[in-house]
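Have a look at the structure below before the remarks.
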Amino acid sequence: MAQLIGGLGTSHIPAIGGAIHKGLQQEPYWKTFFDGFGPVREWLGKVKPDVVVIFYNDHGLNFFLDKMPTFAVGAASEYSNADEGWGIPTLAPLRGEPDLSWEIINHLIDQEFDITTCQELLVDHACTLPLKLFWPEGECPVTVVPVCINTVQFPLPNARRVYALGRAVGEAIAGWDSDKKVAVVASGGLSHQLEGERAGFINKDFDLQFLQSLESNPQWATQFSIHELVAKAGTQGIELLAWLAMRAALTVGGSSGIRKVHSNYYLPISNTATGLLALEKF
Ligand code: DHB
Ligand code: FE
């Protein structure tokens, strides 16, 4: 059976793509953010996952407001990136893992999740940047299964449901007949709001509580309604739902065997409070 080795979470901000492209990683503005990834890369170099299942949200590249699935799962052998209008370079396509995609899709449908199955899927900065941050050199060494969660247009799925989704994805990974090593990745958050009266809103106290809960009390955030979470984290900070799904996937087989490899919290990058977390499952 496949081995679920751990989970990773990181923020995704288009400006990160520009900084990588221009080689600004050691500039004062960027240094603390990029340096946070050193210990995570070291760990990844040791545990060497073959596949990552990435929980993320699309920002209008593949799904627009006219057709917005609550949950969508990629089932392609390749996922292309495309110009999103941020002026950042388009990255190489990601290699898929269709066999695991179908394992997840079949299990989710069986568990009564209404998902959209995508045999074609464009992936935006939320998919490409985490992989570039974790594996900056050369070609990306892992295949991917993208799991997209609507965090963009109401009605949004609540935290309890996203937690259940993550757990079901974890079950599917654990039941996959393969000798490959799988990691789960969360992309998005932490607190930020890009528009409206609260543009620029950041909530450090809440972010740190949320990060801590992922270690010690993974269901903590499920006590809040979706509107409460938007109030606490911001209209884009609600991307933190992806982190909840990632953490829930790791509870399969018992939640006690988690070790924190590394975490980082730094703000702001652009309008966002950035988080980084690596958890090893044993
Ligand atoms: C920013 C943050 C995001 O999560 C995103 O998707 C786009 C932009 C920002 O802070 O600039
Ligand atoms: Fe985003």
Side-chain angles (χ1 to χ4, degrees), residues 8-22 24-25 27 29-30 32-34 36-37 54-65 68-72 79 81-91 94 121-134 144 146-154 156-157 159 162 185-204 206-207 210-211 226 229-246 264-277:
L8 300 152
T10 178
S11 304
H12 61 232
I13 302 161
I16 297 165
I20 293 170
H21 181 60
K22 294 180 198 140
L24 303 179
Q25 291 91 332
E27 295 290 313
Y29 182 84
W30 291 102
T32 312
F33 172 78
F34 278 103
F37 287 83
I54 179 163
F55 297 99
Y56 75 108
N57 62 288
D58 182 85
H59 298 73
L61 180 68
N62 192 83
F63 302 115
F64 199 60
L65 304 181
M68 185 59 70
T70 304
F71 303 125
Y79 302 96
N81 183 217
D83 184 4
E84 301 171 58
W86 298 102
I88 58 174
T90 298
L91 297 178
L94 307 178
L121 182 69
L122 292 174
V123 289
D124 72 5
H125 66 277
C127 266
T128 56
L129 291 180
L131 299 175
K132 243 329 187 217
L133 288 164
F134 295 137
V144 303
V147 179
C148 184
I149 299 171
N150 170 28
T151 65
V152 172
Q153 175 169 251
F154 273 83
L156 307 185
V162 169
V185 171
S187 170
L190 297 174
S191 63
H192 62 299
Q193 172 145 345
L194 301 180
E195 80 290 294
E197 283 177 15
R198 289 205 311 173
F201 172 79
I202 274 173
N203 186 346
K204 182 175 177 179
F206 175 75
D207 287 340
F210 178 66
L211 277 177
I226 198 70
L229 283 175
V230 168
K232 288 174 189 300
T235 45
Q236 280 71 39
I238 195 62
E239 292 176 345
L240 60 77
L241 289 175
W243 293 58
L244 207 52
M246 174 277 284
N264 194 28
Y265 181 78
Y266 178 71
L267 67 86
I269 292 291
S270 186
N271 296 291
T272 300
T274 69
L276 172 64
L277 182 63

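Atoms within each ligand, like the ligands themselves, are counted from 1 in listed order.
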| said: I need the minimum non-hydrogen distance between Leu133 and Thr10, along with the two atoms involved. | reply: CD1-OG1, 4.0 Å
| Close approach of Asn57 to ligand 1, heavy atoms, under 4.0 angstrom | no
| request: Run the contact test for Gln236 against ligand 1 with a 4.0 Å cut-off on heavy atoms, strictly below, and give the result. | output: no
| request: Measuring from the Fe ion (ligand 2), name the closest N, O or S atom belonging to Glu239. | output: OE2
With heavy atoms of [X] as the reference, note each atom of ligand 1 found under 4.0 Å away.
| X | result |
| --- | --- |
| His12 | 3 (C), 4 (O), 6 (O) |
| Ile13 | 1 (C), 9 (C), 10 (O), 11 (O) |
| Trp86 | 7 (C), 8 (C) |

| Any N/O/S atom of His125 sitting less than 2.8 Å from the Fe ion (ligand 2), backbone or side chain? | no
| task | For the Fe ion (ligand 2), decide whether His192 has an N, O or S atom at a distance under 2.8 Å. | result | no
Heavy atom of the protein closest to [atom] (residue, atom name, distance):
| atom | value |
| --- | --- |
| atom 10 (O) of ligand 1 | Thr272 OG1, 2.7 Å |
| atom 5 (C) of ligand 1 | His125 NE2, 3.6 Å |
| atom 7 (C) of ligand 1 | Pro14 CD, 3.2 Å |
| atom 11 (O) of ligand 1 | Ser270 OG, 2.6 Å |
| atom 3 (C) of ligand 1 | His192 NE2, 3.4 Å |

| said: Donor-acceptor check, side chain of Asp207 to backbone of Phe210, threshold 3.5 angstrom: yes or no? | reply: no
| Nitrogen or oxygen of Asn271 less than 3.5 angstrom from that of ligand 1 | yes
| query | Between Phe37 and Phe134, how do the two ring planes meet: parallel, tilted or perpendicular, split at 30° and 60°? | reply | tilted
| query | Should the pair Trp86 and His125 be assigned to parallel (<30°), tilted (30 to 60°) or perpendicular (>60°) ring geometry? | reply | perpendicular
| task | Taking the side chain as every heavy atom from C-beta outward, state whether Leu8 and Met246 have any pair of such atoms under 4.5 Å apart. | result | no
